[in-house]
Amino acid sequence: MGKTLRLILYRNLEEQMLLDSMAALLEGEKSSEKWDSYQCANQLVELADRYGFEGNLWHCFLAYCLANHENAYSTACEISEPAGGTIRELAAHDFGLIKELFDLDITELPGDFWKSLTVYQAAQRTGKAFNRRIRDRIVMLAKELERAADTEAFQGYVTDFYREFGVGRFGLNKAFRIEESGPEEAWLPRIEPITRIDHVYLKDLVGYDLQKQKLIANTEAFIAGKEANNVLLYGDAGTGKSSSIKAVLNEYYDKGLRMIEVYKHQFRCLSNVLEEIKDRNYKFIIYMDDLSFEDFEIEYKYLKAIIEGGLGKKPSNVLIYATSNRRHLIREKFSDKREILDDLHGNDTVQEKLSLVARFGVTIYYGAPDKYEFQEIVKALAERSGISMPQEELLAEANKWELYHGGLSGRTAAQFITYLLGKKEE
């Protein structure tokens with residue numbers, strides 16, 4: 001009986017067909033249902049290209065399978081102490097079988113190309129699916145498992161990986177988006193990784209120190225398992241609201257923080273999303289960028305119920321961080337005041353529109369910089385980008401740029417620096 005058929009926890013892997021086929025080849029089995037030696041080699045190389053693996057591709061593949069498979073043992077160990085009891089014993093049974101597969105020599109398989117796949121050199125060290133840090137850690141895990149003297153050591157290396165990074169898509173990625181499937185009237189949300197995100201950190205954001213301190217304090221309380229509030233960052237365009245939230249993710253990712261980007265047309269799926277993440281050992285921020293509603297849009301009612309007011313309690317490992325150019329989120333017009341005069345309960349109408357923003361416990365204002373602050377941002381960004389230009393000339397050019405390109409803001413300053421860098425390369 002094949003080893004993969006005797007696994008208990010580590011079954012139904014994403015790449016199960018490749019695992020079964022390789023196991024059958026290495027154990028000398030013959031089955032028309034499994035791939036041959038050439039097909040297996042092709043799949044290993046394709047995975048190496050996608051994930052940036054190098055070295056022994058069989059070992060990297062098994063390390064990836066272990067790092068990516070969510071089961072009762074791996075999820076219990078993620079970002080926490082190792083699981084004990086019966087589940088640990090069942091995992092040890094599986095690790096023993098996987099170690100036996102790991103120790104088999106692929107160079108004995110048919111084909112003179114297998115030796116090359118034990119010392120594989122990637123065309124580029126960054127894959128298409130993971131950031132470089134995750135890719136390097138999986139390759140390192142493969143090398144650690146090569147050194148494992150027995151099943152206990154083998155299990156220890158994998159468990160340490162779960163404690164450091166977690167497991168599956170939430171362990172191997174930091175940011176996610178929601179994609180819908182099925183007919184519009186019955187959308188089924190899928191949480192999919194975002195593999196390319198901005199590597200911006202709080203130290204990269206010039207100015208707004210008080211705003212950043214409030215955001216940091218709330219986030220660190222959340223990460224520590226203390227009480228924390230939903231946060232609304234509002235104010236002028238281009239002042240760094242979105243960048244601040246992205247920076248928070250990059251700062252606290254290694255402490256178990258993850259972020260899911262949600263658009264307002266997806267709010268009706270939020271309860272499904274929360275149900276999926278509520279029992280994971282991560283802290284999730286639901287990120288809503290440029291949040292605002294026209295007076296005829298009703299999606300904000302879904303959001304109100306999720307934040308506070310519905311029968312279901314929002315999970316303790318979830319917060320909502322939103323950005324908006326509007327303080328009150330829902331558009332108000334002078335005509336609304338005339339309607340209120342005709343409304344027997346006009347105050348109720350006003351409260352209905354203001355109640356959403358009231359459910360964000362922390363609101364942080366990002367105002368446009370004045371002339372001096374704008375120049376300080378320009379100088380800091382120019383120094384960071386290695387632009388050598390007399391300060392008087394730099395600021396004069398920056399002033400001309402902002403007059404024609406959006407006014408005083410951090411975004412305008414960054415675009416001006418990009419413009420200078422482009423000229424420098426000519």
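Worth knowing before you read on, the calculation uses all heavy atoms, side chains too, and leaves out hydrogens, waters and symmetry mates.
In this structure the side chain of L62 reaches within 4.5 angstrom of the side chain of W58, judged on heavy atoms. Side chains of Y208 and P369 form a contact here, defined as non-hydrogen atoms less than 4.5 Å apart. Between E46 and L18, the closest side-chain pair of non-hydrogen atoms is not below 4.5 Å.
Partner of Y162 under the side chain to side chain contact (heavy atoms under 4.5 Å, CB included) criterion, out of T75, L66, I79: L66 alone. I285 pairs with exactly one of L249, L257, V231 by the side chain to side chain contact (heavy atoms under 4.5 Å, CB included) rule, that one being L257.
Nearest heavy atom pair, residue V206 against residue R384, reads CG2-NH2, 3.8 Å.
A salt bridge does not link R177 to E261: none of the charged side-chain nitrogens sits closer than 4.0 Å to a carboxylate oxygen.
For F170 and F284, the ring centers sit closer than 6.0 Å to each other.
Sorted by first and then second residue, the ring pair (Phe, Tyr, Trp, His ring centres under 6.0 Å) pairs involving residues 233-258 (not counting sequence neighbours) are Y234-Y365.
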Task: Residue pair N68, E14: steps toward the side-chain hydrogen bond (donor to acceptor under 3.5 Å, both in side chains) verdict - done: CA-CA 8 Å; N68 193 47; E14 184 179 329; 2.9 Å; yes
Task: Audit row: Y366, S244, side-chain hydrogen bond (donor to acceptor under 3.5 Å, both in side chains) steps and yes/no - done: CA-CA 10 Å; Y366 280 68; S244 294; 3.0 Å; yes
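Remark: E144 CD to D160 CG distance equals 7.5 Å, nearest 0.5 Å. Atom OG1 of residue T4 and atom CG of residue D94 lie 11.0 Å apart, to the nearest 0.5 angstrom. Here the straight-line distance linking atom OH of Y51 with atom CD1 of I134 works out to 12.5 Å at 0.5 Å rounding.
Between H69 and Y10, the ring-plane angle classifies as tilted under the 30° and 60° cut-offs. Relative orientation of the F102 and F154 rings is perpendicular, given thresholds of 30° and 60° on the angle between their planes.
When the shell of 6.0 Å around CD of E192 is examined, it contains more than 12 heavy atoms from other residues, nucleotides or ligands. The environment of OH in Y263 is sparse: at most 12 heavy-atom neighbours from other residues, nucleotides or ligands sit within 6.0 Å.
Counting only N and O atoms by type, the side chains of T323 and Y287 include no donor and acceptor under 3.5 Å apart. Side-chain polar atoms of N218 and Y321 form a donor-acceptor pair below 3.5 angstrom.
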